Amino acid sequence: MTSGLWELVLQGVWVTVQLLFFSALLATAVSFVIGVGRTHRLWIVRFLAGFYTEVFRGTSALVMIFWVFFVLPPAFGWQLVPMWAGTLALGLTYGAYGSEIVRGALAAVDPAQKEGGIALSFTPWQRMKLILLPQAVPEMIPPFSNLLIELLKGTALVSIMGMGDLAFSGNLVRLALQESAEIYTYILLIYFVIAFLLTRVMRGLEKKLKAGVGKAATKSKAVTSEPAGIGGVR
């Protein structure tokens, strides 16, 4: 490829990275708001959070992008640029999946921890902030890592709006060169490199968070300690 075509591909990479960043921020916020809402003591909050989750999990991300870009703006008399339309559609959709990760991690916290917070007269917000989230968040990282990779692959859907992301730019280069195998191989490799880097970052974050709550230290101790004999005598 010529330098000009490579520049077009790199511009597409930059657009994809921006879209991934903004939609991941929105999806994370939605995940925690809806996920915590699923555990709320008021049934109406649980119902609304559950309704949101079912609606966005049960609809196509591709159709949602169409709806946000072509249907929603005329209803309110304004127009969204493709970047923000893609961010909104992807963030809301993948946030629904992330909310189940948050809900499951909070539910997995030992009930004795929750009871301890009640015994200490903590408010629900204090129990969530000081007891539940510090223990639940490290367990969310592996599934969130998978969801982030799925979101990365989902960014290719915005090319239907004519947005110059990696998939759209790669297709333009393919049309210019009339060479499918080489171009699409390059595009696949670029997606793989981005996904690999994201995985490494999330793995490092997981280790750091688990060390913060003492899980890494506990694991190290278990490995180095000698096995006890019968009755606890070594």
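Position 1 is the first residue of the sequence; numbering continues from there. Quick caveat: nothing in here was measured; it's all calculated off a predicted structure.
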*Asks:* Nearest 0.5 Å, please: how far is CG in Leu20 from CG in Leu25?
*Replies:*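 Rounded to the nearest 0.5 Å, the CG-CG separation comes to 9.5 Å.
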*Asks:* Only pairs at least two apart or in different chains count here, so list each side-chain hydrogen bond (donor to acceptor under 3.5 Å, both in side chains) that has a residue in residues 155-173.
*Replies:*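 Residue pairs passing side-chain hydrogen bond (donor to acceptor under 3.5 Å, both in side chains), neighbours aside: Asn171-Arg174, Asn171-Tyr184.
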*Asks:* For Ala136 versus Val109, what's the shortest heavy-atom pair and its separation?
*Replies:*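 Of all heavy-atom pairs spanning Ala136 and Val109, the closest is CB-CG2, 4.1 Å.
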*Asks:* Restricting to side chain to side chain contact (heavy atoms under 4.5 Å, CB included), what partner residues turn up for Trp84, sequence neighbours left out?
*Replies:*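 Trp84 satisfies side chain to side chain contact (heavy atoms under 4.5 Å, CB included) with Phe22, Leu80, Val81, Thr87 only.
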*Asks:* Under 4.5 Å between side-chain heavy atoms, hopping through other hydrophobics if needed: is there a path connecting Val71 to Leu157?
*Replies:*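 Same hydrophobic cluster.
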*Asks:* So how far is it from Ile149 CD1 to Lys153 NZ, rounded to the nearest 0.5 Å?
*Replies:*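 One finds 8.0 Å between CD1 of Ile149 and NZ of Lys153.
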*Asks:* Between Leu205 and Phe21, is there shared hydrophobic-cluster membership here, with clusters defined by ILVMFWY side-chain heavy atoms closer than 4.5 Å?
*Replies:*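 Yes.
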*Asks:* What residues, two or more places apart in sequence or in another chain, satisfy side chain to side chain contact (heavy atoms under 4.5 Å, CB included) together with Ile160?
*Replies:*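 Scan of Ile160 (side chain to side chain contact (heavy atoms under 4.5 Å, CB included), adjacent residues dropped) gives Leu62, Ile65, Phe66.
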*Asks:* Are Val193 and Val173 in one and the same hydrophobic cluster, where Ile, Leu, Val, Met, Phe, Trp and Tyr link if side-chain heavy atoms are under 4.5 Å apart?
*Replies:*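 No, Val193 does not connect to Val173 through the hydrophobic network.
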*Asks:* Calculate, to the nearest 0.5 Å, the distance between atoms CG and CZ belonging to Leu152 and Phe192 respectively.
*Replies:*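 Taking CG in Leu152 and CZ in Phe192, the distance rounds to 12.0 Å.
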*Asks:* Could you state the interatomic distance from OG1 (Thr16) to CD1 (Ile194), rounded to the nearest 0.5 Å?
*Replies:*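 Result: 6.5 Å between the selected atoms.
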*Asks:* Could you measure the distance from the CG atom of Leu147 to the CG atom of Leu151? Nearest 0.5 Å is fine.
*Replies:*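 So the gap between those two atoms works out to 7.0 Å.
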*Asks:* Does any part of the side chain of Pro142, heavy atoms only, come nearer than 4.5 Å to the side chain of Glu206, both counted from C-beta?
*Replies:*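 Yes, close enough: below the 4.5 Å cut-off.
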*Asks:* Count I, L, V, M, F, W, Y as connected when their side-chain heavy atoms are under 4.5 Å apart, and connections chain through other members. Are Ile190 and Leu177 then in the same cluster?
*Replies:*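 In one cluster: yes.
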*Asks:* Under the rule for ring-ring contact (aromatic ring centres under 6.0 Å, His included), what residues qualify as partners of Phe56, not counting sequence neighbours?
*Replies:*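 In terms of ring-ring contact (aromatic ring centres under 6.0 Å, His included), with neighbours along the sequence ignored, Phe56 is linked to Tyr52.
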*Asks:* Any non-hydrogen side-chain atom of Thr123 less than 4.5 Å from a side-chain atom of Gln126?
*Replies:*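 Yes, close enough: below the 4.5 Å cut-off.
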*Asks:* Is Leu175 reachable from Val9 through a run of hydrophobic residues whose side-chain heavy atoms are each under 4.5 Å from the next?
*Replies:*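 Val9 and Leu175: separate clusters.
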*Asks:* Side chains of Ile34 and Leu48, heavy atoms from C-beta outward: is any pair under 4.5 Å?
*Replies:*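 No, too far: nothing below the 4.5 Å cut-off.
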*Asks:* Pair Gln113, Arg127 - check side-chain contact (heavy atoms from CB on, under 4.5 Å), show working.
*Replies:* CA-CA 9 Å; Gln113 300 287 332; Arg127 293 198 299 270; over 6 Å; no
*Asks:* Give a yes or no answer on whether the side chain of Thr185 reaches the backbone of Ala181 with a donor-acceptor pair at less than 3.5 Å.
*Replies:*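 Confirmed, Thr185 side chain pairs with Ala181 backbone.
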*Asks:* Which salt bridge (Lys or Arg N to Asp or Glu O under 4.0 Å) pairs, counting each pair once, include a residue from residues 76-100, with sequence neighbours left out?
*Replies:*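 Sorted result for residues 76-100: Arg38-Glu100, Glu100-Arg103.
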*Asks:* Is it the case that more than 12 heavy atoms not belonging to Phe70 sit under 6.0 Å from its CZ atom?
*Replies:*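 It does: Phe70 CZ has more than 12 such atoms within range.
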*Asks:* List the residues meeting side chain to side chain contact (heavy atoms under 4.5 Å, CB included) with Leu42, not counting sequence neighbours, and say none if there are none.
*Replies:*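 Listed in chain order: His40, Ile44, Val45.
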*Asks:* For residues Tyr191 and Ile187, determine if any side-chain heavy atom of one lies less than 4.5 Å from a side-chain heavy atom of the other.
*Replies:*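 Yes. Closest side-chain heavy atoms under 4.5 Å.
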*Asks:* Is there a side-chain contact (heavy atoms from CB on, under 4.5 Å) between Gln11 and Val15 once you walk through the steps?
*Replies:* CA-CA 6 Å; Gln11 289 175 356; Val15 171; 5.6 Å; no
*Asks:* Given the rule in the side-chain contact (heavy atoms from CB on, under 4.5 Å) test, do Phe32 and Leu133 qualify, once you have shown the distances and angles that lead to the verdict?
*Replies:* CA-CA 10 Å; Phe32 277 91; Leu133 284 178; 4.1 Å; yes
*Asks:* Side chains of Met128 and Leu106, heavy atoms from C-beta outward: is any pair under 4.5 Å?
*Replies:*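 When only atoms from C-beta onward are counted, Leu106 and Met128 do touch, with a gap below 4.5 Å.
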*Asks:* Please report the interatomic distance CD1(Ile141) to CE(Met202), rounded to the nearest 0.5 Å.
*Replies:*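 Going from the CD1 atom of Ile141 to the CE atom of Met202 covers 4.5 Å.
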*Asks:* Who passes side chain to side chain contact (heavy atoms under 4.5 Å, CB included) against Ala107, sequence neighbours left out?
*Replies:*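 Result, side chain to side chain contact (heavy atoms under 4.5 Å, CB included) vs Ala107: none returned.
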*Asks:* Does Ser23 have any side chain to side chain donor-acceptor pair (under 3.5 Å) partners at least two apart in sequence or in another chain, and if so, which?
*Replies:*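 Testing Ser23 for side chain to side chain donor-acceptor pair (under 3.5 Å), a comparison that skips the adjacent residues, returns none.
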*Asks:* Side-chain donor-acceptor contacts of residues 88-99 below 3.5 Å, not counting sequence neighbours, with atom names and distances?
*Replies:*
{"residue": "Thr93", "atom": "OG1", "partner": "Ala89", "partner atom": "O", "Å": "2.8"}
{"residue": "Tyr94", "atom": "OH", "partner": "Glu150", "partner atom": "O", "Å": "3.4"}
{"residue": "Tyr97", "atom": "OH", "partner": "Arg57", "partner atom": "O", "Å": "3.4"}
{"residue": "Ser99", "atom": "OG", "partner": "Thr53", "partner atom": "OG1", "Å": "3.3"}
{"residue": "Ser99", "atom": "OG", "partner": "Ala96", "partner atom": "O", "Å": "2.6"}

*Asks:* Test of understanding: with side chain to side chain donor-acceptor pair (under 3.5 Å), list the residues that count as partners of Gln18, not counting sequence neighbours.
*Replies:*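 Once residues adjacent in sequence are excluded, Gln18 has no partner under the side chain to side chain donor-acceptor pair (under 3.5 Å) criterion.
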*Asks:* Measure across Met161 and Ala85 and return the closest heavy-atom pair with its distance rounded to 0.1 Å.
*Replies:*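 Heavy atoms of Met161 and Ala85 come nearest at SD-CB, 4.1 Å.
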